[in-house]
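This report concerns only the one structure given below.
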Amino acid sequence: MSDVTTHQAEQDTRNDAILIYVDGRIVPKAQAVISVYDSGFMLGDGVWEGLRLYDGKWAFLDDHIDRLFEAAKAIDLDIGLDRNGVISALLDTQKANRMTTDAHARMMITRGVKTRPFQHPNLSQQGPTFVIIMEHSKPKIPRPITLATVPHMRGLPMTQDPKLNSHSKLNCILACIAAQKAGADEALMLDVHGFVNTTNACNFFIVKKGQVWTSTGDYCMNGITRQKVIDLCRANDIPVFERNFSLVDTYSADEAFLTGTFGAQTPVSTIDGRLIGTGDLGPVTTRLRALYKELVAAS
């Protein structure tokens, strides 16, 4: 079974002593606890956002906060803080941990503690639970990622909208398990029409004859890094297409890579046992990595 993930980081002993934000308090890891009646623990009822710290700045902070509030509104969840309050909580947690770069924050808001252990949202009467886990985190992915296509799909918006960063991630977890059982690192998921869509954790791109392709975006997370890559292609005369494409197109790609807040652009070596290009980091992916680093530094 594979032991490489798209969120693999260097071991950092400083994470043993991190401080975590829990509902306005910043406490040691061992004291960062929530109720077993919490809506997130009980039902996966909540939304989250992942952010990265580079050289003292949270990359694309406004985009991430926009998406957090959009998701909260979509599930009718009152975060309990305004935009400035959320940003202050993030910065306070950063300051408490004395973090300056190569840090990752997972910001989680649930509907809060329930009065009884049942589904109805009206049973969440104590206000939201707001947690920020912030770790020293430098990506260390030792080789390109391998993917396996799985039967699990990113579904239609009227089931569970894949554009939500929801706490309910079981569909993606099952996809990842299926891929690992097949000997791959992560899962390549199709959309409801059978077109290539996304992986269980990241957005997915291929490169064919100098052109960059990704899915239409109709059935995948509206990834911020995904959009930045599309924008960089357009700004630098790299042909880019959001389109439907199949596994036949994918297997014959010259390069494939994943995008996400944690790993930025992660190369893919094989899909369903087929070697993609040379199986290593390709020239277009290399160029986009450099352009993305420049964008982060300038933001």
Side-chain angles (χ1 to χ4, degrees), residues 5 7 9 12-53 58 61 64-99 103-137 160-161 163-174 176-177 200-201 221 260-262:
T5 79
H7 294 94
D12 196 317
T13 57
R14 292 176 296 176
N15 288 329
D16 296 338
I18 56 170
L19 300 173
I20 295 174
Y21 179 99
V22 183
D23 290 333
R25 299 180 302 121
I26 298 177
V27 298
K29 185 189 293 189
Q31 298 173 31
V33 295
I34 60 170
S35 169
V36 294
Y37 277 79
D38 190 84
S39 302
F41 172 76
M42 194 174 289
L43 296 161
D45 182 5
V47 292
W48 62 275
E49 197 65 35
L51 303 97
R52 280 203 70 76
L53 182 68
W58 292 97
L61 178 59
H64 283 284
I65 300 301
D66 284 347
R67 189 169 66 179
L68 178 69
F69 274 90
E70 287 167 4
K73 186 173 184 179
I75 69 167
D76 200 28
L77 170 60
D78 181 1
I79 291 176
L81 295 171
D82 63 13
R83 186 184 186 90
N84 289 335
V86 169
I87 293 172
S88 292
L90 179 73
L91 297 179
D92 288 347
T93 309
Q94 175 193 345
K95 183 178 179 181
N97 283 290
R98 299 177 183 175
M99 293 177 177
H104 195 83
R106 190 177 183 96
M107 188 180 289
M108 299 172 285
I109 299 101
T110 77
R111 208 174 300 275
V113 177
K114 304 187 83 69
T115 57
R116 298 181 67 211
F118 300 108
Q119 181 188 99
H120 202 289
N122 286 356
L123 294 171
S124 301
Q125 299 171 1
Q126 299 184 35
T129 299
F130 184 9
V131 172
I132 303 172
I133 299 175
M134 195 175 292
E135 295 182 329
H136 298 280
S137 178
Q160 182 173 318
D161 196 327
K163 295 190 183 304
L164 276 175
N165 252 354
S166 162
H167 279 220
S168 306
K169 301 296 289 184
L170 188 58
N171 182 46
C172 296
I173 293 166
L174 290 173
C176 190
I177 290 169
N200 57 276
M221 164 56 60
T261 299
F262 179 85

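If you read the sequence from its start, that first residue is 1, and numbering goes on from there. Quick caveat, the model's predicted, so the values are computed rather than measured.
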Q. If every non-hydrogen atom of F118 is compared with every non-hydrogen atom of L123, which pair is closest and at what distance?
A. CB-CD1, 3.6 Å

Q | D12: partners by salt bridge (charged side-chain N to carboxylate O under 4.0 Å, His left out), with sequence neighbours left out | A | R14

**Q.** Flag, side chain of K114 to backbone of H120, donor-acceptor distance under 3.5 Å
**A.** yes

**Q.** Greater than 12 external heavy atoms within 6.0 Å of K73's NZ
**A.** no

Q) How far apart are the C-alpha atoms of Q94 and L53, what are their side-chain angles, what is the distance that settles it, and do they pass the side chain to side chain contact (heavy atoms under 4.5 Å, CB included) test? A) CA-CA 9 Å; Q94 175 193 345; L53 182 68; 3.9 Å; yes

Q: Measure the CD-CG distance between E135 and D16 for me, rounded to the nearest 0.5 Å.
A: 10.0 Å

Q. Between H136 (side chain) and A103 (backbone), is there a donor-acceptor pair under 3.5 Å?
A. no

Q: With rounding to the nearest 0.5 Å, note down the distance linking CD1 in I75 to OG in S166.
A: 7.0 Å

**Q.** Distance-minimising heavy-atom pair for P117 and M42
**A.** CA-SD, 3.4 Å

Q: Using the side chain to side chain contact (heavy atoms under 4.5 Å, CB included) rule, take T110 and I34 through it: C-alpha gap first, then chi angles, then the decisive distance, then the call.
A: CA-CA 11 Å; T110 77; I34 60 170; 5.9 Å; no

Q: Could you check if a side-chain atom of I65 sits within less than 4.5 angstrom of a side-chain atom of L90, using non-hydrogen atoms only?
A: no

Q | Least distance between heavy atoms, Q119 atom then L43 atom | A | CA-CD1, 3.6 Å

Q.
For D66, give me all partners under salt bridge (charged side-chain N to carboxylate O under 4.0 Å, His left out), at least two apart in sequence or on another chain.
A. R83

Q) Closest heavy-atom contact between M99 and I18? A) CE-CG2, 4.1 Å

Q. How many angstroms lie between CD in Q31 and CD1 in I26, if you round to the nearest 0.5 Å?
A. 13.0 Å

Q.
Quick test of your reading: applying side-chain hydrogen bond (donor to acceptor under 3.5 Å, both in side chains), list the pairs with at least one residue in residues 39-53, sequence neighbours left out, ordered by first then second residue.
A. S39-S124, D45-R111, E49-H64, E49-R67, R52-H104

Q) From C172 SG over to Q160 CD, what is the distance, rounded to the nearest 0.5 angstrom? A) 8.0 Å

**Q.** Atom of D23, atom of P128 and distance for their closest heavy-atom approach
**A.** OD1-O, 3.7 Å

Q | Residue pair I87, W58: steps toward the side chain to side chain contact (heavy atoms under 4.5 Å, CB included) verdict | A | CA-CA 10 Å; I87 293 172; W58 292 97; over 6 Å; no

(Q) When you compare the side chain of R116 with that of Y37, does any pair of heavy atoms fall below 4.5 Å? (A) no

Q) Between atom CD1 of I132 and atom CG of L19, what is the distance when rounded to the nearest 0.5 Å? A) 12.5 Å

Q) What's the shortest heavy-atom distance between D82 and F69, and which atoms? A) C-CZ, 3.7 Å

**Q.** Approximate separation, where rounding is to 0.5 Å, of T261 OG1 and L51 CG
**A.** 7.0 Å

Q: Could you check if a side-chain atom of V86 sits within less than 4.5 angstrom of a side-chain atom of I109, using non-hydrogen atoms only?
A: no

